Protein chains: 2
Amino acid sequence: TAHVIIVGNEKGGAGKSTVAIHLAVALTRMGKKVGMVDLDLRQGTLSKYLNNRKKWCEKFNVTLPNPLVHKIEPSVARHLDEIEADESARWAHAVDTLTEAGCDFIIADSPGSDNYLARTAHGYADTIITPVNDSFVDFALLGEVDPDTFEVSRPSQYSEMVWECRKRKAIFQKKTLDWVVMRNRVAMLDSRNKRRVGDGLKKLSERVGFRLAPGFAERVIYRELFPLGLTLLDLTEHGSTVQFTMSHVAARQELRDLIMLLKFPSLAG
Amino acid sequence: TAHVIIVGNEKGGAGKSTVAIHLAVALTRMGKKVGMVDLDLRQGTLSKYLNNRKKWCEKFNVTLPNPLVHKIEPSVARHLDEIEADESARWAHAVDTLTEAGCDFIIADSPGSDNYLARTAHGYADTIITPVNDSFVDFALLGEVDPDTFEVSRPSQYSEMVWECRKRKAIFQKKTLDWVVMRNRVAMLDSRNKRRVGDGLKKLSERVGFRLAPGFAERVIYRELFPLGLTLLDLTEHGSTVQFTMSHVAARQELRDLIMLLKFPSLAG
Ligand SMILES: Nc1ncnc2c1ncn2[C@@H]1O[C@H](COP(=O)(O)OP(=O)(O)OP(=O)(O)O)[C@@H](O)[C@H]1O
Ligand SMILES: Nc1ncnc2c1ncn2[C@@H]1O[C@H](COP(=O)(O)OP(=O)(O)OP(=O)(O)O)[C@@H](O)[C@H]1O
Ligand SMILES: [Mg+2]
Ligand SMILES: [Mg+2]
């Protein structure tokens, strides 16, 4: 069976689509067969990224390692019961199709909002990866903090949603759910805010049970290649003109460190 | 009647809530009566920000300039026709209530997704302010670019939505809609990506008819005060311990420049 990875955070702009595409390209380049599902039916950042990649390959007549994509069509029903039935069925069909196609991994990119399709997908996750900005605005979706002590007072809505998924997975599937949280777009400079968010995440990780990954710094290389559909891992290919820089080398290390921390069973040994 | 400002961008994490709170506090401190509506019913960043502010004031027994908030309850209906009817009515009621309360401005913070409530509110706008990250991932919601020339090929979904609002406003209300786009979280360092996004925004502004505002840099001061419910404009008040820095002074100027560009009728003279 395929290992299902949901890149999720109901907070907008945390970096879900960015993490999803980089993880997918990395795993594909490691020889894994990767299936992908874009759950952000309206915005479709992931779909656009992969479409740009396809056009790049056609234009330069090159072959790049590509994940296998399964498109989910939005429901056109008008009653939530029907819409939810459609979405459940289409998600299940996506997972079945990609599994039958021999995928080692299925990576689903969630939207930056809480909706039924995203929750349904979270329920299937073996691994949930949650990027989060270095900010208490983002942190607030995971946990509440005391404004004086910056102690974590309690988990909030997204943590509760993941907790619910974990409980159901344990009861109905007798399986565990690995939840990994990673800071994204971290500034190079230290600041009191950075230290406080870091401390908050450490304390919250113990309370709600996620593992804390090293994360990605704010680096233009993570976003500037979107129109070409490329990632930093593709930059040894023909047709790319972006120079290797220190930031690029550091980004490669960040991505490698993330994958090592994820400890996927099929990557062991 | 109140001047309705929608802070909108269906792209997640563009900085809508951040711009909304800073604009609201700035206008309130200029002596204007400001009403606010949080349209992000699930995430509620703006509501949390204002709630933190209220707790801060209670704790230190101080009075801070505060906008007047009108809360919208989510619909519990299960059919889209009923949900949309509820949302239309509750939005209209919010505008009426805040207008009758004597508000000069009503600022509504939109969610980072395209939904009926956000679209309905956009239809009432006198001014739409759209923050956007310095990134073609964000740009993609406004317009498509050619990956070679970085020329703008055509407007995309969010531009089309605003264009639709503008048309209807002209036909049904015989009024104009001012659309202002501003880059947010702009890096201090120059880069080819920064120049390309800047050029793309200039060209797109002429094509789809928005005015381009100077925008905000990436500054910790814009986010570190969220747990206290304060903004940089409040930092001369009792109880705050954040030091004034060059970044703080520069942020004040950015906010001032934005307001000057907005040229609200009631601020003229
Ligand atoms: N590590 C990074 N360094 C630089 N830019 C980044 C990084 N991660 C994300 N970005 C940029 O930040 C913005 C938000 O990222 P992204 O779109 O991946 O987030 P998201 O969580 O998928 O958002 P949404 O909630 O809208 O789906 C984009 O403009 C993206 O290019
Ligand atoms: N100019 C800025 N400098 C530093 N941090 C910023 C700036 N603007 C926004 N942020 C941070 O970026 C993140 C996204 O900002 P914000 O939540 O305001 O965006 P949004 O468009 O309201 O997102 P959503 O789509 O989820 O509603 C937050 O962590 C916020 O604190
Ligand atoms: Mg996304
Ligand atoms: Mg917001």
Side-chain angles (χ1 to χ4, degrees), chain A residues 9-18 40 42-45 48-49 52 55-56 59 77-81 83 111-115 133-141 144-148 150 156-157 185 187 189 191-194 196-197 218 220-229 242, chain B residues 9-18 40 42-45 48-49 52 55-56 59 77-81 83 111-115 133-141 144-148 150 156-157 185 187 189 191-194 196-197 218 220-229 242:
Chain A
N9 190 339
E10 59 180 282
K11 180 67 184 79
K16 299 175 287 296
S17 304
T18 299
D40 199 339
R42 162 76 181 180
Q43 232 175 79
T45 301
K48 288 170 187 165
Y49 213 126
N52 292 346
K55 289 193 206 140
W56 176 267
K59 170 170 177 175
R78 296 287 298 169
H79 195 286
L80 289 184
D81 293 351
I83 295 168
S113 49
D114 174 50
N115 65 29
N133 279 305
D134 189 35
S135 169
F136 283 106
V137 171
D138 282 43
F139 192 98
L141 278 296
E144 286 183 30
V145 288
D146 180 285
D148 280 319
F150 285 87
S156 48
Q157 69 221 63
R185 303 195 69 179
L189 297 170
S191 66
R192 179 174 43 182
N193 181 69
K194 190 174 178 178
R196 281 171 168 167
V197 174
E218 170 80 9
V220 175
I221 193 80
Y222 281 121
R223 65 173 184 256
E224 70 180 313
L225 302 174
F226 167 81
L228 318 180
V242 177
Chain B
N9 191 338
E10 57 180 282
K11 180 67 184 80
K16 299 175 286 295
S17 304
T18 298
D40 199 339
R42 162 78 181 180
Q43 232 175 77
T45 301
K48 287 172 187 165
Y49 213 125
N52 293 345
K55 288 194 208 142
W56 176 267
K59 172 171 176 173
R78 297 287 298 170
H79 195 286
L80 289 185
D81 292 351
I83 295 168
S113 51
D114 174 50
N115 65 29
N133 279 304
D134 188 34
S135 168
F136 282 106
V137 170
D138 283 42
F139 192 97
L141 278 297
E144 287 183 33
V145 287
D146 180 284
D148 280 318
F150 284 87
S156 46
Q157 69 222 60
R185 304 194 70 179
L189 297 170
S191 66
R192 179 174 43 184
N193 180 69
K194 190 174 178 178
R196 281 171 168 168
V197 174
E218 169 78 11
V220 175
I221 193 81
Y222 281 121
R223 64 173 184 257
E224 70 180 313
L225 302 174
F226 166 81
L228 318 180
V242 178

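Chain letters run A, B, ... following the sequence lines, proteins first, then strands; residues in each count from 1. Bear in mind that the values here come from a model prediction, so they are computed numbers and not experimental data.
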With sequence neighbours left out, the residues meeting salt bridge (charged side-chain N to carboxylate O under 4.0 Å, His left out) with B:Asp138 are none
Sorted by chain and number, sequence neighbours left out, salt bridge (charged side-chain N to carboxylate O under 4.0 Å, His left out) with A:Glu218 holds for A:Arg185, A:Arg223
Select one option (side chain, backbone, both, neither) describing which atoms of [X] are under 4.5 Å from chain A's heavy atoms.
X	result
B:Lys55	neither
B:Val220	side chain
B:Leu189	neither
B:Phe150	side chain

Rounding to 0.5 Å, atoms CZ (B:Arg78) and CD1 (A:Ile83) come to a distance of 8.5 Å
Rounded to the nearest 0.5 Å, the CZ atom of A:Arg42 sits from the OG atom of B:Ser113 at a distance of 10.0 Å
Greatest number of non-hydrogen atom pairs under 4.5 angstrom with chain B, of A:Pro227, A:Gly44, A:Ala187, falls to A:Pro227
Interface check, chain B: of A:Ser191, A:Ala140, A:Gly229, most non-hydrogen pairs under 4.5 Å belong to A:Ala140
Whatever's closer than 4.5 Å to a heavy atom in chain B on A:Lys16 counts as neither
If you compare all heavy atoms of [X] against all heavy atoms of [Y], which two are closest, and at what distance to 0.1 Å?
X	Y	value
A:Leu228	B:Pro147	CD2-O, 3.5 Å
B:Ala77	A:Leu80	O-CD1, 3.9 Å
A:Phe226	B:Phe136	CE2-O, 3.3 Å

Worksheet item: Just by distance, do the side chain of A:Gln43 and the backbone of B:Glu10 share a donor-acceptor pair under 3.5 Å?
Response: yes
Who wins among [options] for the most heavy-atom pairs under 4.5 Å with chain A?
options	value
B:Ser135, B:Gly112, B:Pro111	B:Ser135
B:Asn133, B:Asn52, B:Asp40, B:Val145	B:Asn133
B:Lys11, B:Lys48, B:Gln157	B:Gln157

